[in-house]
**Student:** 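One structure coming up, written as structure tokens, with questions to follow.
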Amino acid sequence: MDKPQPQPAVVVEEHPHLTAAPPPLPPSTNTYDPFQSRPQFELADFLFRKEQMSGAKISELMQLWAATLPPDQDPPFADDKHMYDTIDSIPLADMPWQAFVVTYVGPRPDGDVPSWMDREYTVWYRCPRRVLHAQLGNPDFADTMDYTPKRVFQGDHREYKDFMSGDWAWRQADTIAEDPTTHGSTFCPIILGSDKTTVSVATGQNEYYPLYLSNGLVHNSARRAQKNAVSLVAFLAIPKTDRQYTGDAQFRRFRRQLFHTSLHTILQSLRPGMTTPEVVRCADNHYRHMIYGLGPYIADYPEQVLLACIVQGWCAKCTADRRDLDNPEAPPRSHEHTAALLDAMDLTGLWDEYGIVGDLMPFTVGFPRADIHEMLSPDLLHQVIKGTFKDHLVTWVEEYLILTHGKAQAAIIMADIDRRIAVVPSFPGLRRFPEGRGFKQWTGDDSKALMKVYLPAIVGYVPDQMVQAFSAFLEFCYLVRRNVITTETLLQIEDALDRFHQHRVIFKEVGVRLAGFSLPRQHSLVHYPRLIQLFGAPNGLCSSITESKHIKAVKEPYRRSNRYEALGQMLLTNQRLDKLAAARLDFQSRGMLQGPCVRLPSIPEHDIWHGLGLEDDTEGDLEEVAVDKLARGYPRSTAGIAEAIGVPQLPELIQRFIYAQLLPDGHVPVAPIDLVHCPPPPSRLFVFPSAVATFYAPSDLCGARGMRRERIRACQSWRGGAPRYDYMPGFRGLAAVRVRLFFSFTSHAGVKYPCALVTWFVPTKDEPCDKTGMWIIEPEVDANGQEVISVIHLDSGNAPIPPTLQHTDSLDAFNAFYVNKYADHHAHEIAF
């Protein structure tokens, strides 16, 4: 393996004028107010946030608790009302809900008036300025905020990662700094996101329209991790009407006006701070002069159409004609460009020739330095994963098979593709599809998981150029999902996109896409290189962040309500959750929640699981060696284990392993060593069902500081079923192996060795497959045709598929295999 070359030092250039210079903050007192003690706070947090217990059950629990106490003692709370009142009196996160009402005041028809014209539309919101101050002062973000725009370089390459490393924040700071009174201030971009969500399909499609707020100072990892870096700030009104008026032009216009008027009204408290800095307490316990600005808006395509005031089917970022969206000559959209067109053209011409809804202006027109067309962020979930992959490419493959083979034969082929997907060998973090891709409703996680295994499954059933189109697209997808994107990566992204555009024409040639490729979500990919330069890595501004927030902010509060006028109850639930979270962070920052809040000793984990007969992720591994966590069903002796697993040469392999370990560093025997020169094998081995690998994963979408843990398994029976022997891929210095056994032993010299028994795989060629971009490997065999098997130290690092074949047998049933570079984005970045 080549010796790794030293990496150039990372150089960070900060903005020269908006420098975020802070004065200190005086210390606070150590009390649990309004709670009497830590246990009382922990109980309230447990019952309300963790268990989500109903008020009636809380009161019943307190009554039972009181019955166990002497007459002169009381439980922590008298009843549910007492607990709720205590939570409500928390002084932190004091952001009460308020509302305004919008009504239609336009022309009315003679005769019957549509009901939507007479209704009142209530918009509930919290002061976004207070919400933003709560985020900026959150001590949880003390080490994960950038208080000034920055440019990061490693050698000759610029790095784009967190939002403040992009060009947009720097350019905004340049504009703000034209006013000398702003020098020394902190520029705080305001990130917004909105999307309708359904909470109960079975009871009449109950929809809510949440608006979320975040800030651009916090790092992408914190925003993705949902640590209160994304806050619910409003519930927008959803106007509805009778079916006969759904397509009415007046109704559609009012619906758009209601949306933009609501956003403009909600954000008014932030407007003064967009030109005049104000003093704000920050997460590091310092006060800074803060100046705000509207930043990226997270939205899927229908929401982008509404925000940009354009016609469905057009691009919200550029003026390309809807019939030729990928026209590279199309200029970008902007408020100035739209205003010039409004002066020169009528509404019909604007609609037909530029896709502009000319009788409405975006809400951003009323705010300084804000242009909605520039602010719309890339959306990995709906544009790349769900859009281009699931809705386009996967659907087109099915249509191709039907066009080429007819429905009956296509069904047989797709069934075999499903079986190929179902028998993919186990791999840490790789989801299995026992029935192939035959699920009725796709989620974003379904699409991301299928993306990892779909490409090799279609090889042989579709033209090579179609496979190459998939391969180029997946390369683009994995590159733009990286946590750190360099100028070199941007060139790779552009190259992958060019290859995708070159190869996707096959779908037009075979008759699947005769209408061409003017598809807004797929077209949006051409804007990614520029958007990365503006906003940093796209994974910090993806709609998956707001969709995840739906669960805690909308869906769970709805389920806790009594369903009657649920919104008011949902608002109160969110308010109390925010207060509890703020109190916990405050207590933690003052060192008042250290250690467990228990009086009795904790129950050992093995006592909880003992006797249940369950295989679970709580099982032992080579990082947690404990007698009660050893793998079950193995003999104790080395010879007995060798016989049990069908590897009689195991003692000899261990002897040669010990011999190699005793050699000086860097010396590896080039030929088998005579056993007479090797130390004797240990008499006993300790077998484990799994090992945990901890490694640097710079593109982990949710991990903190780039570190990730994955469990690799080697066990005789997985969850009471077939054996599971995980595969670990390699290349570029990493070897591809299949783990047969995890074990440890202590040598006669008293040295403890954690080991794995592995079989090896080697490439069939010197280069990856030119169609899929993946390496093809096969089991390595010796001169006698036997699989090469050895002991390693854990510190080293088109025939139809038979319907009865199980995924656990895949590595034994085939002669060669694709090494899946898309199995996870960590392997894609660091190993290929």
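Position 1 is the first residue of the sequence, and the numbers go up from there. A quick note: this is a predicted structure, and the numbers were derived from the prediction, not measured.
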**Student:** Can Glu374 and Trp168 be said to form a side chain to side chain contact (heavy atoms under 4.5 Å, CB included), step by step?
**Tutor:** CA-CA 9 Å; Glu374 184 182 48; Trp168 185 88; 3.2 Å; yes
**Student:** Mark yes or no for whether Ser165, through its side chain, and Arg151, through its backbone, hold a donor-acceptor pair below 3.5 Å.
**Tutor:** no
**Student:** Hey, what's the ring geometry for Trp396 with His392, parallel, tilted or perpendicular (30° and 60° as the breaks)?
**Tutor:** parallel
**Student:** Would you name the heavy atoms of Trp314 and Thr319 that are closest together and state the gap between them?
**Tutor:** CZ3-O, 4.4 Å
**Student:** Roughly how far apart are Thr175 OG1 and Arg369 CZ, rounded to 0.5 Å?
**Tutor:** 7.5 Å
**Student:** Is there a side-chain contact between Arg333 and Thr338 in this structure, where contact means two heavy atoms from C-beta onward sitting under 4.5 Å apart?
**Tutor:** no
**Student:** Quick check against the 3.5 Å criterion: does His260 have a side-chain atom that pairs as donor or acceptor with the backbone of Leu306?
**Tutor:** yes
**Student:** Is it true that the side chains of Arg223 and Ser214 contain a donor and an acceptor less than 3.5 Å apart?
**Tutor:** yes
**Student:** Report the C-alpha separation of Thr486 and Thr489 in whole Å, then their side-chain angles, then the decisive distance to 0.1 Å, and conclude whether the side-chain hydrogen bond (donor to acceptor under 3.5 Å, both in side chains) test is met.
**Tutor:** CA-CA 5 Å; Thr486 67; Thr489 313; 2.9 Å; yes
**Student:** When you check the gap from the basic side-chain N to the acidic O, do Asp167 and Arg158 get nearer than 4.0 Å?
**Tutor:** yes
**Student:** Minimum heavy-atom separation for Met145 to Asn215, with atom names?
**Tutor:** CE-OD1, 4.1 Å
**Student:** Could you walk me through whether Arg513 and Leu519 pass the side chain to side chain contact (heavy atoms under 4.5 Å, CB included) check?
**Tutor:** CA-CA 11 Å; Arg513 286 299 305 174; Leu519 304 163; 3.6 Å; yes
**Student:** Please answer whether the main-chain N or O of Tyr212 pairs with a side-chain N or O of Lys549 as donor and acceptor at a distance below 3.5 Å.
**Tutor:** no
**Student:** Please work out which of the three classes, parallel, tilted or perpendicular, describes the rings of Phe389 and Tyr454, given edges at 30° and 60°.
**Tutor:** perpendicular
**Student:** Just wondering, more than 12 heavy atoms not from Lys317 lying within 6.0 Å of its NZ?
**Tutor:** yes
**Student:** To the nearest 0.5 angstrom, please state how far the CG atom of Asn483 sits from the OG atom of Ser221.
**Tutor:** 7.0 Å
**Student:** State, to 0.1 Å, how close Val480 and Pro538 come at their nearest heavy-atom pair, and which atoms those are.
**Tutor:** O-CD, 3.4 Å
**Student:** Does Arg481 qualify as a cation-pi partner of Tyr478, given the criterion of NZ or CZ under 6.0 Å from the six-membered ring centre and within 45 degrees of its axis?
**Tutor:** yes
**Student:** Under the side-chain hydrogen bond (donor to acceptor under 3.5 Å, both in side chains) criterion, do His382 and Glu547 qualify, and how do the steps go?
**Tutor:** CA-CA 11 Å; His382 291 97; Glu547 290 204 359; 3.2 Å; yes
**Student:** Is there a side-chain contact between Val526 and Asp326 (heavy atoms, below 4.5 Å)?
**Tutor:** yes
**Student:** Is there a side chain to side chain contact (heavy atoms under 4.5 Å, CB included) between Tyr160 and Val484? Walk through the geometry before answering.
**Tutor:** CA-CA 6 Å; Tyr160 301 93; Val484 179; over 6 Å; no
**Student:** Applying side chain to side chain contact (heavy atoms under 4.5 Å, CB included) to Glu399 and Phe507, what does each step give before you reach the verdict?
**Tutor:** CA-CA 10 Å; Glu399 292 176 3; Phe507 290 104; over 6 Å; no
**Student:** Examine distances only and state if a side-chain atom of Ser194 and a backbone atom of Leu211 form a donor-acceptor pair shorter than 3.5 Å.
**Tutor:** no
**Student:** Taking the side chain as C-beta and beyond, is there a heavy-atom pair between Tyr297 and Leu263 under 4.5 Å?
**Tutor:** yes
**Student:** Taking all non-hydrogen atoms of both residues, which atom of Leu342 and which atom of Gly358 are closest, and how far apart?
**Tutor:** CD2-O, 3.5 Å
**Student:** Do the non-hydrogen side-chain atoms of Arg499 and Phe476 ever get within less than 4.5 Å of each other?
**Tutor:** no
**Student:** Over all heavy atoms of both residues, which pair between Ala316 and Ala308 is shortest? Give the atoms and the distance, please.
**Tutor:** CB-CB, 3.8 Å
**Student:** Starting at SG of Cys477, measure out to CD of Gln383 and round the result to the nearest 0.5 Å.
**Tutor:** 12.0 Å
**Student:** Less than 4.5 Å apart, side chain to side chain, heavy atoms only: is that true for Phe535 and Asn220?
**Tutor:** no
**Student:** Are a donor atom and an acceptor atom from the side chains of Asp300 and Ser543 found within less than 3.5 Å of each other?
**Tutor:** no
**Student:** What's the spacing between Ile458 CD1 and Ile421 CD1 if we round to 0.5 Å?
**Tutor:** 9.5 Å
**Student:** Can we call the ring centroids of Phe761 and Trp775 under 6.0 Å apart?
**Tutor:** no
**Student:** Looking at Asp391 and Arg521, does any basic side-chain N land under 4.0 Å from a carboxylate oxygen?
**Tutor:** yes
**Student:** Using side-chain heavy atoms (C-beta onward) and a distance below 4.5 Å, is Asn327 in contact with Asp321?
**Tutor:** no
**Student:** Measuring only between side-chain heavy atoms, which start at C-beta, is Leu213 closer than 4.5 Å to Leu192?
**Tutor:** yes
**Student:** Ignoring hydrogens and geometry, is there a side-chain-to-backbone donor-acceptor pair from Ser548 to Ser544 under 3.5 Å?
**Tutor:** yes
**Student:** Rounded at 0.5 Å granularity, tell me how far NZ in Lys771 sits from OG in Ser471.
**Tutor:** 11.5 Å
**Student:** Angle class for the Tyr400/His405 ring planes (parallel below 30°, perpendicular above 60°, tilted otherwise)?
**Tutor:** perpendicular
**Student:** Given side chains that start at C-beta, do those of Phe363 and Leu294 come closer than 4.5 Å, heavy atoms only?
**Tutor:** yes
**Student:** Tell me if a side-chain donor or acceptor on Glu353 pairs with a main-chain N or O of Gly349 at a distance below 3.5 Å.
**Tutor:** no
**Student:** Which heavy atom of Asp195 sits nearest to which heavy atom of Pro210, and what is that distance?
**Tutor:** O-CD, 3.2 Å
**Student:** OH of Tyr528 to CD1 of Ile493: how many Å apart, nearest 0.5 Å?
**Tutor:** 10.5 Å
**Student:** Between Asp371 and Arg171 (salt bridge meaning N to carboxylate O under 4.0 Å), is one present in this structure?
**Tutor:** no
**Student:** Okay, side chain of Arg482, backbone of Lys161: is any donor-acceptor separation there less than 3.5 Å?
**Tutor:** no
